[in-house]
Amino acid sequence: MTEETFPEGFRGGRMSDAEIDEFLRDQGTGVLSLADGNNAYAVPISFGYERGRAVFAYWQFGDESEKLAYSEATERACLAVYDIESQFEWRSVLAFGSLRELTQKEWSQLGELMDDNAWSPDLSMVGGRRLTVVGYEMDIEEATGLKRTAADDDP
């Protein structure tokens, strides 16, 4: 979609690469969309980010995990990140890329990246249940962003 293909009356515009980079670095939460053939699976997720990649922690309870199964089957994932102040003030980014499971060594090295902008749930209520954390990385091959600000409404 180019600037010229926005519907008449659309107030807003595309985000620059620098704006997309800053937005992803600042947000830390979104929805990761995965697919296995014709079956889709979307996961609310927190992520760490640095230019060109996002890292995720999958909290796995027990041996079976749909997130892991879908992650392995997905050829190209989509991370949707958005911030809505009002219908006149919002930003959204879609980032696309391949996923891969991180090794334990890689995961331990990326802890700081997760700490910088990821959000972690309170898992104190898990109790005696078995909990495993699996790290994944998304190599961001393409990202697009749209925004609308109060300035877009000024004539």
Side-chain angles (χ1 to χ4, degrees), residues 1-7 10-37 39-60 65-123 131-154:
M1 180 185 292
T2 66
E3 230 29 71
E4 295 78 38
T5 63
F6 288 127
F10 176 78
R11 294 196 173 146
R14 292 204 176 281
M15 295 171 69
S16 68
D17 289 345
E19 288 173 313
I20 290 171
D21 190 52
E22 179 181 3
F23 181 72
L24 291 175
R25 191 174 45 251
D26 291 345
Q27 289 306 304
T29 58
V31 177
L32 181 64
S33 297
L34 308 168
D36 184 359
N39 298 309
Y41 188 75
V43 182
I45 197 122
S46 185
F47 60 91
Y49 174 80
E50 67 180 7
R51 176 163 240 143
R53 70 178 178 165
V55 293
F56 314 99
Y58 289 173
W59 307 95
Q60 181 180 349
S65 170
E66 285 195 86
K67 284 181 283 207
L68 292 177
Y70 272 87
S71 293
E72 290 172 10
T74 299
E75 291 181 31
R76 188 168 191 234
C78 176
L79 176 63
V81 182
Y82 54 93
D83 181 39
I84 301 170
E85 296 290 325
S86 74
Q87 66 186 34
F88 307 107
E89 295 270 340
W90 52 265
R91 298 175 294 169
S92 67
V93 167
L94 296 177
F96 302 91
S98 57
L99 296 174
R100 73 175 184 88
E101 186 174 347
L102 296 168
T103 66
Q104 277 300 106
K105 183 177 180 182
E106 289 173 313
W107 181 242
S108 63
Q109 293 170 345
L110 291 171
E112 187 175 307
L113 183 58
M114 289 293 292
D115 291 342
D116 284 346
N117 71 321
W119 171 88
S120 294
D122 176 8
L123 298 173
L131 172 68
T132 305
V133 179
V134 180
Y136 268 81
E137 176 183 66
M138 178 182 192
D139 177 29
I140 298 175
E141 300 155 358
E142 175 188 358
T144 62
L146 296 176
K147 65 179 178 175
R148 181 173 179 184
T149 65
D152 295 321
D153 293 332
D154 293 339

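For the single chain, residues carry numbers from 1 onward in sequence order.
Using a 4.5 Å cut-off on side-chain heavy atoms (C-beta onward), Asp36 and Glu66 make no contact. Contact check for Phe96 versus Glu141: no side-chain heavy atoms found under the 4.5 Å cut-off. Between Asp83 and Gln27, some side-chain heavy-atom pair lies under the 4.5 Å cut-off. In this structure the side chain of Leu32 never reaches within 4.5 angstrom of the side chain of Tyr136, judged on heavy atoms.
Between the side chain of Glu89 and the main chain of Ser86, no donor-acceptor pair closer than 3.5 Å is present. Of the possible polar contacts, none joining the Ser33 side chain to the Ala42 backbone as a donor-acceptor pair under 3.5 Å is found.
Taking OG1 of Thr149 as the reference point, atom CZ of Phe88 lies at 12.5 Å (rounded to 0.5 Å). For the atom pair CG of Leu79 and CD1 of Ile140, the computed distance is 6.5 Å after rounding to the nearest 0.5 Å. Atom CZ of Arg51 sits about 4.0 Å away from atom CG of Asp21, to the nearest 0.5 Å. In this structure, the separation between CE on Met138 and CZ on Arg53 is 13.5 Å, given to the nearest 0.5 Å. For the atom pair OG of Ser92 and CG of Leu146, the computed distance is 5.0 Å after rounding to the nearest 0.5 Å.
Heavy atoms from other residues, nucleotides or ligands lying under 6.0 Å from CG of Asp139 number more than 12. Within a 6.0 Å sphere centred on OH of Tyr82, heavy atoms belonging to other residues, nucleotides or ligands number 12 at most. Enclosure of atom CD in Gln104 is not indicated, since only 12 or fewer non-hydrogen atoms of other residues, nucleotides or ligands lie within 6.0 angstrom.
When all heavy atoms are compared, the tightest approach of Ile20 to Gly145 is CD1-N, 3.6 Å. Annotation for Ser71 and Leu34: closest pair OG-CD1, 3.6 Å, computed over non-hydrogen atoms. The two residues Cys78 and Leu94 come nearest to each other via the heavy atoms SG-CD2, 4.0 Å.
Using a 30° and 60° split on the angle between ring planes, Phe47 and Phe56 fall in the perpendicular class, above 60°.
Of the charged side-chain nitrogens involved, at least one lies within less than 4.0 Å of a carboxylate oxygen, so that Arg100 and Glu106 count as a salt-bridged pair.
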Can you check side-chain contact (heavy atoms from CB on, under 4.5 Å) on Tyr70 and Val43, steps first, answer last?
CA-CA 10 Å; Tyr70 272 87; Val43 182; over 6 Å; no
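A search for side-chain contact (heavy atoms from CB on, under 4.5 Å) contacts involving Glu19 returns Met15, Ser16, Lys147, not counting sequence neighbours.
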